[in-house]
Number of protein chains: 2
Amino acid sequence: MSSDSGPGRRRDGELATVDRIRDAAIERFGRDGFGAGLRAIAADAGVAAGLVVHYFGSKQGLRRACDEHVLSIIRHEKTKALTDGSGSMMFAQLAEVERFAPYLLYLLRSLQAGGELAGALIEQMTADAEQYLAEGEAAGVVRPSRDRAARARYLAYQSTGGMLLWFTLHGSSGDPESFRRLFRQYVDEITPAAVELFSQGLLIDRSMLDAFLMYVPDPPAQD
Amino acid sequence: MSSDSGPGRRRDGELATVDRIRDAAIERFGRDGFGAGLRAIAADAGVAAGLVVHYFGSKQGLRRACDEHVLSIIRHEKTKALTDGSGSMMFAQLAEVERFAPYLLYLLRSLQAGGELAGALIEQMTADAEQYLAEGEAAGVVRPSRDRAARARYLAYQSTGGMLLWFTLHGSSGDPESFRRLFRQYVDEITPAAVELFSQGLLIDRSMLDAFLMYVPDPPAQD
DNA sequence: GCCCGCGTTGAACACCTGTTTAACCTGCTG
DNA sequence: CAGCAGGTTAAACAGGTGTTCAACGCGGGC
């Protein structure tokens, strides 16, 4: 398959058929969920239904190819963002959200359906969160935690799951423009509450935390 | 339909066929998702496929009936919990989680798929959260917020979405016993980090909050 | 006893699914 | 030019889907 050997473009600049099918599948799956039919995907790619299974073996094979491609894009963009810097990353990504809309929609569908990609994704998110939080601790900006890994994991699940649920209920319709608008709306809606919670917590004092630590006395092994 | 006129039991104590079909549907949908076939549901209820559409008009009608039934159960149990008291409620519910496993699984699938029930559910959860938080504020336990409604909504989305994602990735398999175990595992896994975050926040100082408030100066209208 | 209505069934329908197969067209090579 | 290989297609297949329809059994009222 050409995804292993470069971008897979032709001499005339057009994408190769295999990649065109894969991209059409990513878009369709993102729009309609993984219940979308092979014939619809094939039609989107301007191709017969038999060709997609000829290239990918089966629908499951097609999904796997989509997963791998999206994951490679994530990793690529991630390293690009890391070399960029620390602070401006989020906002730069947010500005580019429209360009990546199909992949984000596909990711949301993956999280919705579960499976390997989803698992790998939140695993990577917890790893990233743990790293960022550790840097924040070192810089004296983030409070230390009794269990860094658990906190990172908790934050990854909560933020990702909250976003997933929000988009599930606000029906993302598909086209990049409305997706960008929706994304902006989501960020505007949750940011104030998130910043407030992160800055000052929810409870007045530590009594509940202390009471809880009485019942679960030993902090998990850190080594 | 008999769901409007009482529990729908027969003289001999057996459930009426309509209710048996509905319950089987709730269980099947919870286990296999809403893609489950009518024939499988009918077989679970010990009935022919034609009968379920004869009673509910269509598959969508069946889903609506399931939604309404689950929602009515929620409201019923909710009021029971409210009359019970404030503190012990959560733990009592947690003990009974096994009894309600099919309904919880159905709810998870509803949140996963979106739709009216899911919307109504998180709407009610934000309303409840807002009430609880207001009581907490009045009791001097919970910090006041710049925007009570937004905070309640944020917390509802985050906690519900986080739980949804967790269960999606940890595959809930179906049977009540393993569901209870999974639920327990989830609570054990997130509680420490949640209590810590709620007690002391994430950031050392208010500088980020203040910086954010510079950009969004006016707190949303409260009246 | 007859008939009617209700609960219920199994077969049929039209459609859609993923997948297989045989053939086609095209361009390159010998 | 023949022939072969690769890309591509249309048709067929086996199965599953929600839904419809005609018929059946059976209890109760006239």
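Just so we're on the same page: letters track the sequence lines, and every chain starts at 1.
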In whole angstrom, give the distance that lies between atom [atom1] of [X] and atom [atom2] of [N].
X	N	atom1	atom2	value
A/H54	D/dG6	NE2	C1'	8 Å
B/Q60	D/dT17	CD	P	18 Å
A/R20	D/dG7	CZ	P	13 Å
B/F56	D/dG18	CZ	P	15 Å
B/I21	D/dG18	CD1	P	14 Å

Flag yes if more than 12 heavy atoms outside B/Q185 fall under 6.0 Å of its CD atom; otherwise flag no.
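Yes.
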Which nucleotide in C/dT9, C/dT19, D/dT9 has an atom nearest any side-chain atom of A/K59:
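Of the options given, the side chain of A/K59 lies nearest C/dT19.
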Among C/dG7, D/dT20, C/dT20, which is the nearest nucleotide to the side chain of A/V53?
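Ranking C/dG7, D/dT20, C/dT20 by closest atom to the A/V53 side chain puts C/dT20 first.
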A/A48 or B/S58, whichever maps to the more 5' nucleotide of DNA chain D
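The residue whose closest nucleotide sits nearer the 5' end is A/A48.
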Just wondering, do [Y] and [X] contact through their side chains at under 4.5 Å, heavy atoms?
X	Y	result
A/W166	A/E189	yes
A/R151	A/V142	yes
B/L107	B/L117	yes

Can you tell me if A/T17 touches the phosphate of D/dG7, counting only side-chain N or O atoms and a distance under 4.0 Å to OP1 or OP2?
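For D/dG7, OP1/OP2 do not have a side-chain N/O of A/T17 under 4.0 Å.
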Which residues within residues 26-44 of chain A lie with some heavy atom under 4.0 Å of an atom in DNA chain C?
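Correct list: A/A36, A/G37, A/L38, A/R39.
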Could you list the residues that satisfy side chain to side chain contact (heavy atoms under 4.5 Å, CB included) with B/A150, not counting sequence neighbours?
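Here the qualifying residues are B/D147.
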Which residue in the set A/E137, A/E130, A/E135 passes salt bridge (charged side-chain N to carboxylate O under 4.0 Å, His left out) when paired with A/R148?
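Going through A/E137, A/E130, A/E135 one by one, the salt bridge (charged side-chain N to carboxylate O under 4.0 Å, His left out) with A/R148 is satisfied by A/E137 alone.
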